[in-house]
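In what follows, chains are A, B, ... by sequence order, proteins preceding strands, each numbered from 1. Predicted model, so just to flag it, every value in this text is computed and none were measured.
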There are 2 protein chains.
Amino acid sequence: MALRHAVLAVLLDGEYSGYQLAKIFDVSCSNFWYAVPQQLYAELTKLERAGLITGRQVIQHDRPNKRLFTVTPAGLAELATFAAVPSKPSSIREDLLVMVQAVDRLDPAPVIAQLEERAVIAAAKVELFDRMLRQLRGDLTEEMFLRESNRIGPYLTCLRGRRFEQENREWCVQVAALLRARAPVSR
Amino acid sequence: MALRHAVLAVLLDGEYSGYQLAKIFDVSCSNFWYAVPQQLYAELTKLERAGLITGRQVIQHDRPNKRLFTVTPAGLAELATFAAVPSKPSSIREDLLVMVQAVDRLDPAPVIAQLEERAVIAAAKVELFDRMLRQLRGDLTEEMFLRESNRIGPYLTCLRGRRFEQENREWCVQVAALLRARAPVSR
DNA sequence: GAACCATACTCAGTGATATGACTATTCCTG
DNA sequence: CAGGAATAGTCATATCACTGAGTATGGTTC
């Protein structure tokens, strides 16, 4: 019952098809919720049956037809109910950290390689989020945007994603360097 | 196939019972893997059947008997195999961020309350991790400990947990203050 | 001495999540 | 005009995770 609210929250930004939603969940939304397209299509079907969103068919001639979904008042009410009940902190599950936990008893080389690769990925995400932030705030300064815009939710979650990835990158770099220094490994 | 490796990685630190493991997963391990006791007991059964850990019965007189588990060479090999294959970044799922994403269209009061509560929880976790780090490194400086200890895995993951919670706290505080300033709410 | 907490663990069931294999259309490139 | 990428989506299945309800023992507290 949780992907449901993530989908509703994203659909507040406008009409989207399942396919577009999948794109969004693959990039911007992935800071706070991850889902594969199949999950999204299934969830959209359920949400529509529950009356929380409505879909409308759009006939296209240059590509396959699609269905665009909008949040209904009932959907908004569902989100409000969701936001009103205290949530539990998320459950973190990170394979790379499991490897680091065990690294003293393993060959560090593959772990170091993964840390370095992850650092690069994280750096790329930081840049992606920076671009998204700039795009969201237009030509306003961050301070002005946050004070005056009437749609700051996506900006705030993106800010969180940026911080997280920056932090992640720093940790990966630091740990990779440390492990390299302790047990020199040829590439 | 993933909780499995988290359990193995934690059992590298010594013999633990399911109950003790549950405690560890509830605090220190929760930076990188979350699991409820029932999952752990089930996983321990599976791991033992697969020969990756061995259990020995300990008869106790002041409290119920328990079984302590140790990683076998096969278990260590399993961990090595796991560490050798590149892992995907974790899937983040955070209800509180879903709420923030939608906050422009909802009553901000409960979201602000949750952000402030979360900031307090995060601050407590930072302190908990600080205590754990101090305990792990004993009277060595961090630099010395990381250079010379032969069991730095748990320290490194704890360091990551600390950074994450610190960062989380800052974001929660900032966003709560911002939302309060935008739409003044009586407590 | 009743209630409660901590230790120690089990079982049943239900959702949620992930994987893989599909269908179908149109555009673009070589 | 063949092949691939992008759009748009469906179905089936397996596994995972989580909830809730139990069992049992001993120690502590009021």
Check your understanding: How are the rings of B:F82 and B:H5 set to each other: parallel, tilted or perpendicular (split at 30° and 60°)?
Key ->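 Judged by the thresholds at 30° and 60°, the geometry between B:F82 and B:H5 is parallel.
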Practice item. Using the closest heavy atom to pick a nucleotide of DNA chain C for each, name whichever of A:D62 or B:P37 lands nearer the 5' end. Key: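 Result of the comparison: B:P37.
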Practice item. Map B:R93 and B:K66 onto DNA chain C by nearest heavy atom, then report which one ends up closer to the 5' terminus. Key: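 This one resolves to B:K66.
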Report the distance from atom [atom1] of [X] to atom [atom2] of [N], rounded to the nearest whole Å.
X	N	atom1	atom2	answer
B:L21	C:dC9	CG	C1'	13 Å
B:Q39	C:dG15	CD	C1'	13 Å
A:Q60	C:dA24	CD	C1'	14 Å
B:D26	C:dA6	CG	P	13 Å
B:K23	C:dC9	NZ	P	12 Å
B:R67	C:dA8	CZ	P	14 Å
A:Y34	C:dT17	OH	P	12 Å
A:N65	C:dT23	CG	C1'	15 Å

Practice item. Assign B:Q38 to base, sugar-phosphate, or nothing according to its heavy-atom contacts below 4.0 angstrom with the strands shown. Key: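 Base contact - B:Q38 has a heavy atom under 4.0 Å of at least one base atom.
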Exercise for review: Pick base, sugar-phosphate or nothing for A:R4, based on heavy-atom distances below 4.0 Å to the nucleic acid.
Suggested key: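 No contact.
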Review point. Any side-chain N or O of B:Y19 under 4.0 Å from OP1/OP2 of C:dC9?
Key: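 No.
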Check your understanding: OP1 or OP2 of C:dC9 less than 4.0 angstrom from a side-chain nitrogen or oxygen of B:S17, does that happen here?
Key ->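 Checking C:dC9 against B:S17, a side-chain N or O does come within under 4.0 Å of OP1 or OP2.
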Check your understanding: Looking only at side chains, do B:Y34 and A:R93 share a donor and an acceptor under 3.5 Å apart?
Key ->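 No, no side-chain donor-acceptor contact under 3.5 Å.
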Exercise for review: Would you check if there is a donor-acceptor pair between the side chains of B:R160 and A:N168 at a distance under 3.5 Å?
Suggested key: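 Yes, because at least one side-chain N or O of A:N168 sits under 3.5 Å from a partner of the opposite role on B:R160.
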Point to revise | Residues A:D130 and A:R162 bridged, charged N to O under 4.0 Å | key: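 Looking at A:D130 and A:R162, the cut-off is met.
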Point to revise | salt_bridge(A:R118, A:E94) N-O dist < 4.0 Å | key: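 Counted as a salt bridge, because a side-chain N and a carboxylate O are separated by less than 4.0 Å.
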Check your understanding: Just how far is it from atom CZ of B:F129 to atom CG of B:L136, taken to the nearest 0.5 Å?
Key ->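 Rounded to the nearest 0.5 Å, the CZ-CG separation comes to 11.5 Å.
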**Study point:** From CG (A:L12) to CZ (B:R105), nearest 0.5 Å
**Key:**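 Interatomic distance, A:L12 CG to B:R105 CZ, rounded to 0.5 Å: 5.5 Å.
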**Study point:** Interface with DNA chain C, restricted to residues 40-52 of chain A and to heavy atoms under 4.0 Å
**Key:**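 Correct list: empty, so none.
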Pairwise side-chain contact, [X] with [Y], heavy-atom cut-off 4.5 Å (strictly under):
X	Y	answer
A:I152	B:V100	no
A:W171	A:L97	yes
A:L11	A:L21	yes

Check your understanding: 5' to 3' on DNA chain D, which nucleotides open and close the contacts with chain A (atom under 4.0 Å from a heavy atom)?
Key ->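 Boundary nucleotides touching chain A, in 5' to 3' order, are D:dA6 to D:dT19.
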Exercise for review: Between B:A2 and B:P64, just flag the one whose closest nucleotide in DNA chain D comes earlier from the 5' side.
Suggested key: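 Result: B:A2.
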